[in-house]
Visitor: 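Below is one structure. I have some questions about it.
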Protein chains: 2
Amino acid sequence: MQSDQKSRQRPTDLKKEQVMHDLLLRRLCQYVDLSSIEMTAIAKLVSGRPRHVAARCRLLQEGDALGSIFYLLNGWICAYKLLEDGRCQNLLFFLPGDLWGFSAPLNSRTAYALRTVKDAIVIDIPRDGFLEVIARHPGLTEAFRWSGLVTDEISRERVLSLGQRTAKERCAHMICEIFWRLRAVGEVDGTSMYFPCTQEEIGNTIGVSTVHANRMLQDLRAEKLICQHQQKLEILDLEGLQRLAYFDSDFLHLRSLDPPPAELRSFGKPLGLGPSRFSESDRADARRTVNA
Amino acid sequence: MQSDQKSRQRPTDLKKEQVMHDLLLRRLCQYVDLSSIEMTAIAKLVSGRPRHVAARCRLLQEGDALGSIFYLLNGWICAYKLLEDGRCQNLLFFLPGDLWGFSAPLNSRTAYALRTVKDAIVIDIPRDGFLEVIARHPGLTEAFRWSGLVTDEISRERVLSLGQRTAKERCAHMICEIFWRLRAVGEVDGTSMYFPCTQEEIGNTIGVSTVHANRMLQDLRAEKLICQHQQKLEILDLEGLQRLAYFDSDFLHLRSLDPPPAELRSFGKPLGLGPSRFSESDRADARRTVNA
DNA sequence: CGCAAGTTTGAATAGCCTCAAATCCGGTGG
DNA sequence: CCACCGGATTTGAGGCTATTCAAACTTGCG
């Protein structure tokens, strides 16, 4: 493993091999009940050597042949498309526990590029072996079918957003979507989450300019719906945020919405933000922003 | 069959049973080479009794359980999503030869509603039987996997459109997309096609108001890129239209771009527009609009 | 002929963009 | 410790794009 010595603040280190597949299992169990045999099979599949990828690194380019499947352990990865004149549209964020590349036909090529948003940890999985194992287990087949469906639903919901929702609604909707997705794999801390997107990235996602994304975020903060500090985002009023965005979590097909078991709450805590850094001062900061 | 007597102008009548699967076969053969056994299997699947559906009829509602798969023989069907306050976003048009409902997991529900745009002819296919047949034939499995991929790609391209393209570009892009899709199944006549969308529908598709959709279409006509008459749309300058829209047909994964065989050119010619109605006067009309 | 649906037009307004500059922040080097 | 640098965020002003509302017009159809 590539862990360095000063690992206290580096949650990207993998403490036990066991945790590597916890995120994925938790995701898949949202969709179907897996047998222990199937769980073991998954655990084996994702037991490869984790690979660190730096922030803002392109993993794949539009038109590339499909390589191996990858399993995202930590960090965010962004799928995006470009227009010839440079305009960039983000399609989808891959979050910890997400798997990429299992549903495309053989011999097809990616229709979009992939780039890390922040430092990420990825495990590469050989495509053939993966597909073969999945095909042997009906539960896994079904689980990944659902997983693919959710990706499609996110895409359709994004079409609805971009076509009909206002910029502020889109902004709120995006935050809700990511919150629920992270929550489903236990990657939130109560109502706050690691949110490493720049405002440019948010703009590219919701289809507005960076400047306007900034103003929409300011509005959401002014309305006490969210508050931000560094790369952490806290949802102050989830109900209000969802009402504003016309957000309904159904499209994510989440089943178990219970808080994750305590022993898993600490895993995957993102990049160097200790628990002490998000309390008093943040609130103060939020208030300051409101009054400005 | 439900054909009435005055059938001269009613292309919705089915002349021979044979043609019913031609569209579908042509679509699938875009993706893979099918064996004659597979072609026969498909022909059998879609040999059910055609059902006429009136214009603007809702076939399915958001949240409905999956019923049978349907095969669209004639007309357009539109998938759309609603916001609670009534805003409506069109996601995708199903065109003649398209099949709906083969890729969702069992027990899932539709995340969008379906409604006919114009009178349509549909064949219902029992889901279980269909999936079983497909699964037995590797070529068909592969073909439908590609077909599903194309749907996804259209969705992603729409995200790109709504997020980054201007209204005029989106309008042009939508026209190009439908032209290529219709052309792939032989449903175009040179550079003109049946285009039964109202401007409201176009607006709901490209994410602008009806009024603005109208103005964008006027622009395209003024620039001599398209010309419209009744429900027929002729592309006067495909190159120009595509350049304007940053359109690249790759995302549709079309393979055989040759003109379809002559004997099939006349089938499925849409609703009551004789060939004589689209010549002189239309050009004059287009010019008039430009000068206004 | 008259109705209903669809298209077109105009004017006022709201939403969003561009450009440009200022500020904030974390990290780096002195 | 401070100065500085670069990336990210914030602010302001002006302009373009798209919306809304309302009315007129066109067209297909009974």
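Throughout, a chain's letter reflects where its sequence line sits, starting with A, and its residues are numbered from 1.
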Visitor: What integer distance in Å separates B/Asn214:CG from D/dC25:P?
Guide: 16 Å
Visitor: Does the cation-pi check pass for B/Arg115 over B/Tyr80, that is, NZ or CZ under 6.0 Å from the six-membered ring centre and within 45° of its axis?
Guide: yes
Visitor: Does A/Gln230 place a side-chain N or O at less than 4.0 Å from the phosphate oxygens OP1/OP2 of C/dG26?
Guide: yes
Visitor: Is a side-chain donor or acceptor of B/Asp237 paired with a backbone partner of B/Gly240 at a separation under 3.5 angstrom?
Guide: yes
Visitor: Output yes when a side-chain donor or acceptor of A/Arg221 lies under 3.5 Å from a complementary backbone atom of A/Cys227, and no otherwise.
Guide: no
Visitor: Take the protein atom CD of A/Gln231 and the nucleotide atom C1' of D/dG7, then report the distance between them rounded to whole Å.
Guide: 12 Å
Visitor: I want to know whether B/Phe195 and B/Trp76 have ring centres closer than 6.0 Å.
Guide: yes
Visitor: Starting at atom CG of A/Leu233, determine the distance to atom P of D/dT9, rounded to an integer number of angstrom.
Guide: 12 Å
Visitor: What protein N or O atoms touch nucleotides 15-18 of chain C N or O atoms at under 3.5 angstrom, if any, and at what distances?
Guide:
residue	atom	partner	partner atom	Å
C/dC16	OP1	A/Ala167	N	3.2
C/dC16	OP2	A/His212	NE2	3.1
C/dC16	O5'	A/His212	NE2	3.4
C/dC17	OP1	A/Ser209	N	3.1
C/dC17	OP2	A/Ser209	N	3.1
C/dC17	OP2	A/Ser209	OG	3.0

Visitor: Write down the distance between CD (A/Glu200) and P (D/dG7), rounded to a whole number of angstrom.
Guide: 12 Å
Visitor: Starting at CD1 of A/Ile202 and ending at P of D/dG7, how long is that distance when rounded to a whole Å?
Guide: 19 Å
Visitor: Check this for me, if you would: do A/Arg183 and A/Glu187 make a salt bridge, where the nitrogen-to-carboxylate-oxygen distance has to be below 4.0 angstrom?
Guide: no
Visitor: What orientation do A/Trp100 and A/Tyr112 show, parallel under 30°, tilted 30 to 60°, or perpendicular over 60°?
Guide: perpendicular
Visitor: In whole angstrom, give the distance that lies between atom NE2 of A/His229 and atom P of C/dC24.
Guide: 14 Å
Visitor: Taking NZ from B/Lys118 and P from C/dA5, how many angstroms apart are they, rounded to a whole number?
Guide: 13 Å
Visitor: Look at the rings of B/His173 and B/Phe251 and say which category their plane angle falls in: under 30° parallel, 30 to 60° tilted, over 60° perpendicular.
Guide: parallel
Visitor: Just to confirm, is there a sub-4.0 Å distance from OP1 or OP2 of C/dT7 to any side-chain nitrogen or oxygen of B/Arg221?
Guide: no
Visitor: Nearest-Å distance, CD (B/Gln199) to C1' (C/dT7)?
Guide: 5 Å
Visitor: Within less than 4.0 Å of OP1 or OP2 of C/dT9, is there a side-chain N or O belonging to B/Gln218?
Guide: yes
